[in-house]
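Let me begin by presenting the structure, written as structure tokens, before commenting on it.
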Amino acid sequence: MSRLSVVETGKMRATGEELRKQFAQRIAANPPGVCAVEQQLAMLQVCHAQTCGKCVPCRIGLGQLEELLEDVLENRADEDTLKLIRFTAENIRNSADCAIGFEAANMVLKGLDGFEEDYLSHVKEHTCHGSFEQPIPCVTLCPAHVDVPGYIALAGAGRYDDAVKLIRKDNPFPTACALICEHPCEKRCRRKMIDDSVNIRALKRYVVDNASADSVPTPECGPSTGKRVAVIGSGPSGLTAAYFLQLMGHQCTVFEEKDKLGGMLRYGIPNYRFPRERLQQDIDAILSTGIEVKTNTVIGTEEMQQIRKEYDAVYVAIGAHTDKKLHLEGEDSENVISAVAMLREIGDDHYPDYTGKNVIVVGGGNVAMDCARTAIRCHADSVKVVYRRRQEDMTALPEEIESAMAEGVEMVTLNAPVRIEADEQGRAAALWVQPQVIGKVKNGRPAPRNASKPEERMACDIILVAVGQDIVSEPFAKCGIPVNRGRIVAESSGFVDVDGVFAGGECVLGPATVIRAIEGGKVAAANIDEYLGYHHPVTCDVDIPEPILNDKVASGRVNLREMEACARKTNFDGVELPMSEEEALREASRCLRCDRHGCGVLRGGRQELW
């Protein structure tokens with residue numbers, strides 16, 4: 001081979017790699033709501049183009065599959081066509097000579113099952129479930145459907161008060177979501193077609209740092225309707241529902257069993273992640289609408305029955321505030337503490353003293369990381385997180401795991417707890433674990449199984465159990481509210497099969513994210529309003545700046561930093577450092593303004609989400 005041909009071959013390979021990378025970027029940035037069948041056809045065509053054509057299943061069969069999918073899209077198909085698609089794909093999968101043919105056919109089979117409703121919609125109703133009602137990926141993937149491009153543009157223009165007002169149109173917790181949201185809005189950001197997603201959460205943090213929530217006035221409430229709504233629980237879901245209902249003109253009363261408001265925002269998230277004064281800013285703004293509050297009020301069966309008589313509607317948002325058990329021998333030993341109990345005490349500013357103690361945390365989620373990092377701050381001598389899967393299989397955010405390790409937390413993975421050893425005084429002395437070996441993928445994650453190794457003893461003084469949370473739903477079940485496996489049964493609208501009762505948040509979903517709880521409250525508020533005989537829109541008169549028509553060249557994403565580990569692990573002060581003005585302006589300029597270009601042109605302007 002000549003030198004020229006080697007160079008040319010290298011160019012071809014580099015070009016191929018670049019094209020594959022660009023294709024992957026476009027898949028990653030593909031907005032939700034497009035036609036699933038059309039997506040499958042596009043992927044099938046790409047796979048077909050990659051085959052060598054040696055075997056009949058790939059050369060002929062994949063082409064036939066393409067024609068069949070085109071029939072579905074062009075409304076020429078019926079249910080027999082779907083059977084033929086399945087039959088053809090199964091034959092290709094079982095007889096193809098290469099992985100490309102096998103995987104292409106397998107992809108079609110998975111799509112037939114996973115997108116069954118989309119296929120049936122095409123062949124039965126000749127309609128497509130693909131919808132462009134909310135085509136902007138960041139807006140669509142935000143459970144509360146906050147106008148993300150709008151407040152990024154306002155942040156870039158230095159209009160921070162207006163940005164808070166725009167966020168609050170759909171989410172009354174701008175500060176909470178600026179500091180602790182898991183930012184699902186960034187998953188399909190179309191900026192990925194160029195480089196990386198916009199740091200949306202960080203820009204929201206910049207906004208609320210420059211215009212605190214309690215300093216930006218809330219909208220005026222509508223005329224009183226004379227209706228009264230009771231909200232059980234003052235977590236993000238309950239306060240969200242109360243906020244929007246109060247704006248609509250319905251008088252809301254929030255019942256809270258604890259001394260302070262906030263639910264898991266206060267009693268489940270340590271101060272170093274979400275300082276209490278920042279939480280109070282959101283709460284004060286919400287209460288400024290005129291919501292009545294009754295704290296230290298436990299709602300049992302009798303109280304619930306009385307509330308139903310006195311109020312026109314009830315929203316149950318009690319959250320998930322009880323701990324789950326390990327069901328291990330020795331679990332009742334002293335110094336075996338649930339994560340829920342520990343974080344609840346910290347929420348009331350009662351901090352434990354773990355000086356000189358060896359602490360073990362059982363679990364692999366964000367709560368487990370919170371417990372581990374809290375134990376470090378409570379002067380523990382050593383902190384270990386024990387998890388039965390691998391570190392990459394943990395459900396905690398990667399940045400939370402990295403931060404915990406930087407502060408000195410040790411990750412002991414592939415070890416399943418089997419029993420707790422107690423000393424003569426009944427105190428926890430050791431956790432016995434069974435080493436695991438990773439196995440087949442189940443439900444999206446590799447499942448562990450017992451390894452052919454003996455059990456191991458891990459000496460400790462404190463065991464913190466962070467394996468999930470449960471819901472105290474029994475008092476409501478006795479009132480006739482349907483409950484299944486501890487969770488209240490409610491429709492997606494929040495309606496419970498009891499007249500005038502709605503439910504949402506973690507008591508319906510199980511333990512979930514803050515933004516999902518906010519979504520439940522927002523949806524319930526709209527449907528309670530309809531139930532009461534009204535249809536109040538929630539509007540915002542903020543004028544959104546027009547996009548700057550400049551080239552969007554590839555550039556690096558600005559990431560937030562934390563204080564140095566050696567400094568932050570000694571106290572409960574906030575650890576995350578905000579953006580500078582320079583960083584914020586640069587990051588805001590990376591937004592492609594999909595509300596005006598790209599997806600947004602399909603609607604001819606901004607989306608109305610209420």
Quiz item: What pairs with A49 under side-chain contact (heavy atoms from CB on, under 4.5 Å), at least two apart in sequence or on another chain?
Solution: none
Quiz item: Would E491 and N527 count as having a side-chain donor-acceptor pair, cut-off 3.5 Å?
Solution: no
Quiz prompt | Side chain to side chain, K522 and F244, heavy atoms closer than 4.5 Å | solution = yes
Quiz item: How would you list, by chain and number, every residue that makes a side-chain hydrogen bond (donor to acceptor under 3.5 Å, both in side chains) with R516, sequence neighbours excluded?
Solution: E519
Quiz prompt | Heavy-atom pair of closest approach, residues A416 and Q436 | solution = CB-NE2, 3.6 Å
Quiz item: Mind checking what makes salt bridge (charged side-chain N to carboxylate O under 4.0 Å, His left out) contact with D78, not counting sequence neighbours?
Solution: none
Quiz item: Does V412 have any side-chain contact (heavy atoms from CB on, under 4.5 Å) partners at least two apart in sequence or in another chain, and if so, which?
Solution: K384, V386, E410, N415, M458
Quiz prompt | Nearest atoms (heavy-atom pairs only) where G150 meets L166 | solution = C-CD2, 3.5 Å
Quiz item: Pairs in or reaching into residues 102-113: which pass salt bridge (Lys or Arg N to Asp or Glu O under 4.0 Å), with residues at least two apart or in two chains?
Solution: R86-D113
Quiz item: Who passes salt bridge (charged side-chain N to carboxylate O under 4.0 Å, His left out) against R590, sequence neighbours left out?
Solution: D195, E587
Self-check item: Partners meeting ring-ring contact (aromatic ring centres under 6.0 Å, His included) with Y160 (sequence neighbours left out)
Solution: Y206
Quiz prompt | For F502, all residues meeting ring-ring contact (aromatic ring centres under 6.0 Å, His included), sequence neighbours excluded | solution = F495, Y531
Practice problem: Give a yes-or-no answer on whether the side chains of S197 and R557 include a donor-acceptor pair shorter than 3.5 Å. | Solution: yes
Practice problem: Hey, could you give me each pair passing salt bridge (Lys or Arg N to Asp or Glu O under 4.0 Å) that has a residue in residues 436-452? Not counting sequence neighbours. | Solution: none
Quiz prompt | Partners passing salt bridge (charged side-chain N to carboxylate O under 4.0 Å, His left out) against E74 (at least two apart in sequence or in another chain) | solution = none
Practice problem: Can you sort out the partners of R390 under salt bridge (charged side-chain N to carboxylate O under 4.0 Å, His left out), two or more places apart, ordered by chain and number? | Solution: E392, D393
Exercise. Please name all residues satisfying side-chain contact (heavy atoms from CB on, under 4.5 Å) with S403, sequence neighbours left out, ordered by chain then number.
Key: R373, E562, R568
